[in-house]
Amino acid sequence: MIANAMSSTARQNAVAVVRRLREAGFEALLAGGCVRDEILGRVPKDYDVATDAPAGRVLELFPGSLPVGVQFGVVLVASGGHRVEVATFRRDGVYLDSRHPATVSFGSAREDAVRRDFTINGMFLDPIADRVIDYVGGRDDLARGVVRAIGDPAARLDEDKLRMLRAVRLSARLGFVIEPATWDAIRREAALIDRIAFERIGEEIRLILCEGAARRGFELLHASGLLAAVIPELTTMVGVEQTPLHHPEGDVWTHTLLVIEQLQNPTETLALGALLHDVAKPVCAGRRQMPEGERITFYGHPERGAEMAVTICQRLKRSRAVWERVAYLVRNHLRLVNAPRMRKATLTRFLREDGIGELLELARIDASASNGDLQYYDFCRAQLAALSADELHPAPLVTGRDLIEIGFSPGPRFSEILHAVEEQQLEGTLADRSAALAWIRAHYS
């Protein structure tokens with residue numbers, strides 16, 4: 001029985017909303033993705049309720065609710081510390097912006113089901129009777145592992161272009177195939193995805209990267225033509241050769257797919273860093289004659305890639321904090337190679353940088369997706385583990401006030417002197433304030 005297969009506070013709160021609506025004389029059902037996930041034995045991220053109760057009546061029945069889309073019959077109901085989206089059964093009018101219907105009218109559960117995107121998202125569940133209500137063949141498609149548009153695929157995608165990305169994401173995350181007519185419609189319409197606000201596109205890209213099936217998702221994005229419309233820089237990786245000694249796996253695109261395949265519950269920044277770490281290789285590709293023969297080179301690709309990563313993240317409307325961190329990861333993803341040759345102070349500063357955890361993980365999966373050489377990753381991990389918190393971030397031996405007391409005037413030179421003192425401190429040549437002051441007097445007039 002489906003209802004007994006899942007037990008969570010969120011579900012209990014949603015069922016409480018269903019019961020309250022029914023006590024008031026209305027039809028109420030769990031709807032959409034939560035039904036799909038429960039049938040598959042997955043824990044839903046959230047629960048939605050569909051009802052024939054008008055939004056105004058829902059607001060009356062649940063004081064304190066938020067009318068987030070009353071014109072579409074949508075209300076957020078507070079229940080047991082959770083917010084449950086309650087939507088009135090509706091029929092959609094004409095879509096004029098490839099995203100939202102110009103008008104809606106309220107109807108029955110069947111009418112509500114057939115206006116949804118995919119069959120596997122178009123089912124309802126009566127949680128009281130523990131009964132699935134399926135007007136669109138969603139349960140059969142779940143059993144077959146198929147993502148299929150409800151009704152005419154071209155019409156469904158024309159209504160909301162974002163559904164093309166959703167189809168890819170669902171297919172990747174669930175391990176389903178996209179039904180041929182739906183797939184053909186996506187390929188025909190892919191170039192028109194930019195009619196959607198890039199905030200929404202960027203969020204779908206983030207989800208594809210972070211939901212656990214990034215490689216499959218990006219293979220589908222590329223095959224459908226959506227990738228060329230959204231991040232064309234990535235399509236230029238295809239066929240770009242790499243030195244077999246370092247990259248026996250193949251071209252830059254193959255390598256990138258192998259890297260993102262290893263993402264496990266990543267942060268958004270790590271996921272985007274992994275996707276974009278070699279984005280500049282196609283534009284930086286060259287060849288150099290070496291004693292052992294001709295070698296493929298990509299000089300400057302980390303720095304150029306950081307610039308391109310910022311452009312892409314901004315296009316996808318990611319936050320400044322996100323694109324700054326992604327640029328850091330892309331710019332520094334080869335820096336670990338130099339770590340064993342770094343002076344102690346330089347290495348310590350490197351290992352305490354904000355973002356070092358993500359950078360080390362990027363370096364690990366990057367190496368694992370190529371020749372498997374983890375020596376630089378292992379070296380940095382060992383060095384980081386050997387350093388205590390006080391060694392990574394020692395208390396300063398001197399301050400600006402100390403410099404004033406020994407006769408220096410405040411100014412830009414303060415930073416230079418304090419940095420130099422910390423350098424000696426990290427190297428282990430200065431251990432206390434008196435030694436630091438003596439060193440300053442000896443080296444600075």
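None of the values given here were measured: they were computed from a predicted structure.
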Going by an N to O cut-off under 4.0 Å, is there a salt bridge joining R187 and D184? no
Is it true that a side-chain atom of T346 and a backbone atom of M342 form a donor plus acceptor pair closer than 3.5 Å? no
Step by step, work out the side chain to side chain donor-acceptor pair (under 3.5 Å) result for S108 and E111. CA-CA 5 Å; S108 66; E111 290 170 319; 3.3 Å; yes
Before accepting this row, confirm whether a basic side-chain N of the pair D112/R90 lies closer than 4.0 Å to the acidic partner's carboxylate O. no
So does R22 pair up with D126, basic N to acidic O under 4.0 Å? yes
Should E361 and R381 count as an ion pair when the cut-off is N to O under 4.0 Å? no
Are R335 and E353 ion-paired here, with the side-chain N under 4.0 Å from a carboxylate O? yes
Test: E219 and R215 ion pair at under 4.0 Å: yes
To the closest 0.5 Å, what do you measure between CG (L276) and CG (L329)? 10.0 Å
R343: salt bridge (Lys or Arg N to Asp or Glu O under 4.0 Å) partners, not counting sequence neighbours: E423, E427
Evaluate side-chain contact (heavy atoms from CB on, under 4.5 Å) for C284 paired with Y299, printing each intermediate quantity in order. CA-CA 6 Å; C284 294; Y299 295 133; over 6 Å; no
Sort and list the pairs that fulfil side chain to side chain donor-acceptor pair (under 3.5 Å) and have at least one residue in residues 73-88, not counting sequence neighbours. N13-H82
Single hit among D354, T267, T269 for side-chain hydrogen bond (donor to acceptor under 3.5 Å, both in side chains) with R325: D354
Examine distances only and state if a side-chain atom of T236 and a backbone atom of P232 form a donor-acceptor pair shorter than 3.5 Å. no
Regarding T9 and Q12, do their side chains bring together a donor and an acceptor under 3.5 Å, going by distance alone? no
H301 and H277: which non-hydrogen atoms are nearest, and at how many Å? CD2-O, 4.1 Å
Between R169 and L207, is there a donor-acceptor pair closer than 3.5 Å when you use the side chain of the first and the backbone of the second? no
Can you sort out the partners of L316 under side-chain contact (heavy atoms from CB on, under 4.5 Å), two or more places apart, ordered by chain and number? F198, I201, I205, V230, I231, I312, R318
Hey, does the side chain of H247 reach the backbone of P244 with a donor-acceptor pair shorter than 3.5 angstrom? no
side-chain hydrogen bond (donor to acceptor under 3.5 Å, both in side chains) with E60: which residues, sequence neighbours excluded? R57
Identify, with sequence neighbours excluded, every residue that meets side-chain hydrogen bond (donor to acceptor under 3.5 Å, both in side chains) alongside D52. none
We want to know whether Y328 and E358 form a side-chain donor-acceptor pair, criterion being a heavy-atom distance below 3.5 angstrom. no
For D390, give me all partners under salt bridge (Lys or Arg N to Asp or Glu O under 4.0 Å), at least two apart in sequence or on another chain. none
About how many Å separate OG1 of T51 and CZ of F124, when rounded to the nearest 0.5 Å? 10.5 Å
Would you call R331 and E303 a salt bridge, taking side-chain N to carboxylate O under 4.0 Å as the test? no
With distance as the sole test, does E27 use its side chain to make a donor-acceptor pair with the main-chain N or O of L21 at under 3.5 Å? no
Name the one of D141, I150, V146 that satisfies side-chain contact (heavy atoms from CB on, under 4.5 Å) with I120? D141
Working note: T311 + Q314, criterion side chain to side chain donor-acceptor pair (under 3.5 Å); need CA distance, chi angles, decisive distance, verdict. CA-CA 5 Å; T311 298; Q314 290 178 339; 5.3 Å; no
Are any side-chain N or O atoms of T243 and backbone N or O atoms of R295, one a donor and one an acceptor, separated by less than 3.5 Å? no
Just so I know, are the side chains of I133 and L125 near enough to count as touching, which here means a heavy-atom distance under 4.5 Å? no
Work out which heavy atom in P44 is nearest to a heavy atom in C34; give both atom names and the distance. CG-O, 3.7 Å
Taking R156 for the side chain and A149 for the main chain, is one N or O donor matched with an acceptor at less than 3.5 Å? no
Could you give the distance from CZ (R115) to CD (E159), rounded to the nearest 0.5 Å? 9.5 Å
Would you say Q242's side chain and G250's backbone share a donor-acceptor pair under 3.5 angstrom? yes
Do we see a donor-acceptor contact under 3.5 Å between the side chains of H246 and H255? no
For a side-chain contact (heavy atoms from CB on, under 4.5 Å) with L275, tell me which candidate from L270, V330, I260 qualifies. I260
